[in-house]
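Presented below is the structure to which this report refers.
Here is the naming used below: chain letters follow the sequence lines, and residue numbers restart at 1 for every chain. Because only heavy atoms are used, hydrogens play no part in the values below, and waters and symmetry mates are left out as well, while side chains stay in.
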Number of protein chains: 2
Amino acid sequence: MRVSSKTDYALRTVIDLALHMDDGVSAAARIAERQDIPVKFLEQILMILKAGGIVESKRGAGGGYFLADPPSHISVASVMRLMEGRLFGPPVSAQRRRAGSVSSSKELPFEELWANVEAAVAENLEKISISEMSDRVRKHSHTSLDFSI
Amino acid sequence: MRVSSKTDYALRTVIDLALHMDDGVSAAARIAERQDIPVKFLEQILMILKAGGIVESKRGAGGGYFLADPPSHISVASVMRLMEGRLFGPPVSAQRRRAGSVSSSKELPFEELWANVEAAVAENLEKISISEMSDRVRKHSHTSLDFSI
DNA sequence: TCATATCCTACTAACACGATAGGCATAATG
DNA sequence: CATTATGCCTATCGTGTTAGTAGGATATGA
């Protein structure tokens, strides 16, 4: 069970934007080099983030991206949910496709199981905001004299 | 974030074995038809479950599989961990492969994040036993007159 | 000795993922 | 107004993982 790179990149991007709010907008290329993410891949991620209402953009020369809301109002969960869909769910197996979306009664215990786990994950990620994450990143950069971020 | 079919099948298999403990051992073919899992695929899963000490087997004619421990002593977490490895972890991206396993200081906030989530998931799955799951399945089969399991 | 099992390895088709590419649309700037 | 810097959009591609198949060796009970 691993988080996708896309989600990881998205999270880093949003945190990066929080860390560079003072600079005004950030061009995709700048974010990409700061976070070491393939530019064109990042562009796609930024499109999703924009469609999801997490970032906004300014087009044309001197344009770029910026957070749609204050970092303290953006949860890690909201970013993850946007990128991953369900935070923790059952497989969409061939077997399940065969059966259609007929949720047989013997599926119920499983659905309940996954729903509980997902709730636990959500509870955990909902209360961590992007500002907390950026604070932590800042702190770790300072204590280790690593200013590359 | 979806659980793999393999894990799903494994869980169903273990629960199935719990439900059919009285019948003695269950041949892979019997489990496969009861749970509608491709037989040969199931065989591989059973090998993993055996290697992981969750089931034991009896070879030859009249042989089959059975649980190595009482269902109440087997947690959903143990099955999942065996099949999935980490319950919830960071991606192993190309970027990360480039950097080697050099856990840079700015990775720490992320590692902490994932570790917390994984702990939450584990806590949740650790306390659900296979006997609880099989009880639930039995209950749902009865209330809906669906005896096919 | 035959039927019924597990056990083991190799292979394959389909799909998801990570990434790349190219070009259009828009806006600032000289 | 031309140029340049940017976002926006779609298509494509390589690779690895996943889900599933296949075939046979090995063991055991009748």
Side-chain angles (χ1 to χ4, degrees), chain A residues 1-10 12-13 17 23-33 35-52 54-66 68 83-86 89-98, chain B residues 1-10 12-13 17 23-33 35-52 55-66 68 83-86 89-99:
Chain A
M1 287 291 271
R2 305 205 157 256
V3 171
S4 72
S5 289
K6 218 160 161 176
T7 299
D8 185 61
Y9 288 155
R12 287 165 196 273
T13 297
L17 287 175
D23 312 6
V25 304
S26 291
R30 299 285 298 117
I31 303 171
E33 75 188 31
Q35 296 296 327
D36 191 25
I37 303 173
V39 198
K40 288 304 236 176
F41 194 26
L42 178 59
E43 282 187 14
Q44 296 178 119
I45 291 164
L46 283 163
M47 280 200 304
I48 298 171
L49 288 172
K50 188 183 176 184
I54 293 182
V55 307
E56 291 181 10
S57 63
K58 187 160 172 294
R59 300 186 66 167
Y65 294 88
F66 55 99
M83 304 306 293
E84 299 264 350
R86 280 194 76 168
V92 196
S93 64
Q95 182 187 149
R96 220 166 282 249
R97 271 190 294 272
R98 251 178 280 140
Chain B
M1 288 293 273
R2 307 206 155 254
V3 171
S4 72
S5 290
K6 218 160 161 175
T7 300
D8 185 61
Y9 288 155
R12 287 165 195 273
T13 298
L17 287 175
D23 312 7
V25 303
S26 291
R30 298 285 300 117
I31 302 170
E33 75 188 31
Q35 296 297 327
D36 191 24
I37 302 172
V39 197
K40 289 304 237 174
F41 195 26
L42 177 59
E43 282 187 14
Q44 296 179 113
I45 292 165
L46 282 163
M47 281 200 304
I48 297 171
L49 287 173
K50 188 182 176 185
V55 307
E56 290 180 11
S57 64
K58 189 161 173 292
R59 300 186 66 166
Y65 295 88
F66 55 99
M83 305 306 293
E84 299 263 350
R86 279 194 77 168
V92 196
S93 65
Q95 183 187 150
R96 221 167 282 250
R97 270 189 294 271
R98 252 178 278 139

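Listed here is the closest heavy atom pair of A/Ala28 and A/Glu43: CB-CG, 4.4 Å. Taking every heavy atom of both residues into account, A/Leu42 and A/Ala32 meet most closely at CD2-N, 3.5 Å. Nearest approach of A/Lys58 to A/Phe66, heavy atoms of both residues: N-CE2, 4.3 Å. In this structure, A/Tyr9 and A/Pro38 approach most closely via the heavy-atom pair OH-CD, 4.2 Å. The shortest heavy-atom contact between B/Arg86 and B/Pro90 is NH1-CD, 3.3 Å.
Here the options are B/Ile45, B/Val25, B/Ile48, B/Leu17, the test is side chain to side chain contact (heavy atoms under 4.5 Å, CB included), and the partner is B/Val55; only B/Leu17 passes.
Atom CG in B/Leu46 sits about 8 Å away from atom P in C/dC7, given to the nearest Å. What separates CZ of B/Phe66 from P of C/dA5 is a distance of 16 Å, to the nearest Å. When rounded to the nearest whole Å, the span between CZ of B/Arg59 and C1' of D/dT26 equals 5 Å. Counting to the nearest Å, the C1' atom of C/dA16 and the CE atom of B/Met1 are 15 Å from each other. Between the CZ atom of B/Phe41 and the C1' atom of C/dA13 there is a distance of 13 Å, rounded to whole Å. Separating the CD1 atom of B/Ile45 from the P atom of D/dA19 is a distance of 9 Å, rounded to the nearest angstrom. If you take CD1 of B/Ile37 and P of D/dT21, they are 13 Å apart, rounded to a whole angstrom. Between the CD atom of A/Glu33 and the P atom of D/dT6 there is a distance of 11 Å, rounded to whole Å.
Contact annotation: A/Ser57 does not reach the phosphate of D/dG7 (side-chain N/O to OP1 or OP2, under 4.0 Å). In this model, the phosphate group of C/dG18 is not approached by any side-chain N or O of A/Tyr9 to a distance below 4.0 Å at OP1 or OP2. Contact between the side-chain N/O atoms of B/Lys58 and the OP1/OP2 oxygens of C/dA5 is not found at any separation under 4.0 Å. At the phosphate of D/dG7, neither OP1 nor OP2 sits under 4.0 Å from any side-chain N or O atom of A/Lys50.
Comparing A/Ser4 and A/Glu43 by the nucleotide of DNA chain C that holds the closest heavy atom to each, the one mapping nearer the 5' end is A/Ser4.
Nucleic acid contact class of A/Thr7 (heavy atoms, under 4.0 Å, all strands): none. Among the atoms of the strands shown, none is found under 4.0 Å from any heavy atom of A/Ala29.
Nearest to the side-chain atoms of B/Ala28 among the listed nucleotides C/dT6, C/dT26, C/dG18 stands C/dT6. Here the side chain of A/Pro38 is nearest to one of D/dA19, C/dA19, C/dA5, namely C/dA19.
Here the side chains of A/Met1 and B/Thr7 are not in contact, with every heavy-atom distance at 4.5 Å or above. Residues A/Tyr65 and A/Ser26 have side chains not in contact (no heavy-atom distance under 4.5 Å, counting atoms from C-beta outward). Proximity of B/Val3 to B/Glu84: side-chain heavy atoms (C-beta onward) are separated by under 4.5 Å at one or more points.
By the salt bridge (Lys or Arg N to Asp or Glu O under 4.0 Å) test, A/Glu33 pairs with A/Arg30, sequence neighbours left out.
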Pairwise N/O distances under 3.5 Å, protein to nucleotides 2-4 of chain C:
unit_1, atom_1, unit_2, atom_2, d
C/dT4, O2, B/Ala61, N, 3.0

Protein-nucleotides 10-15 of chain D N/O pairs closer than 3.5 Å?
unit_1, atom_1, unit_2, atom_2, d
D/dA11, N6, A/Gln44, OE1, 3.3

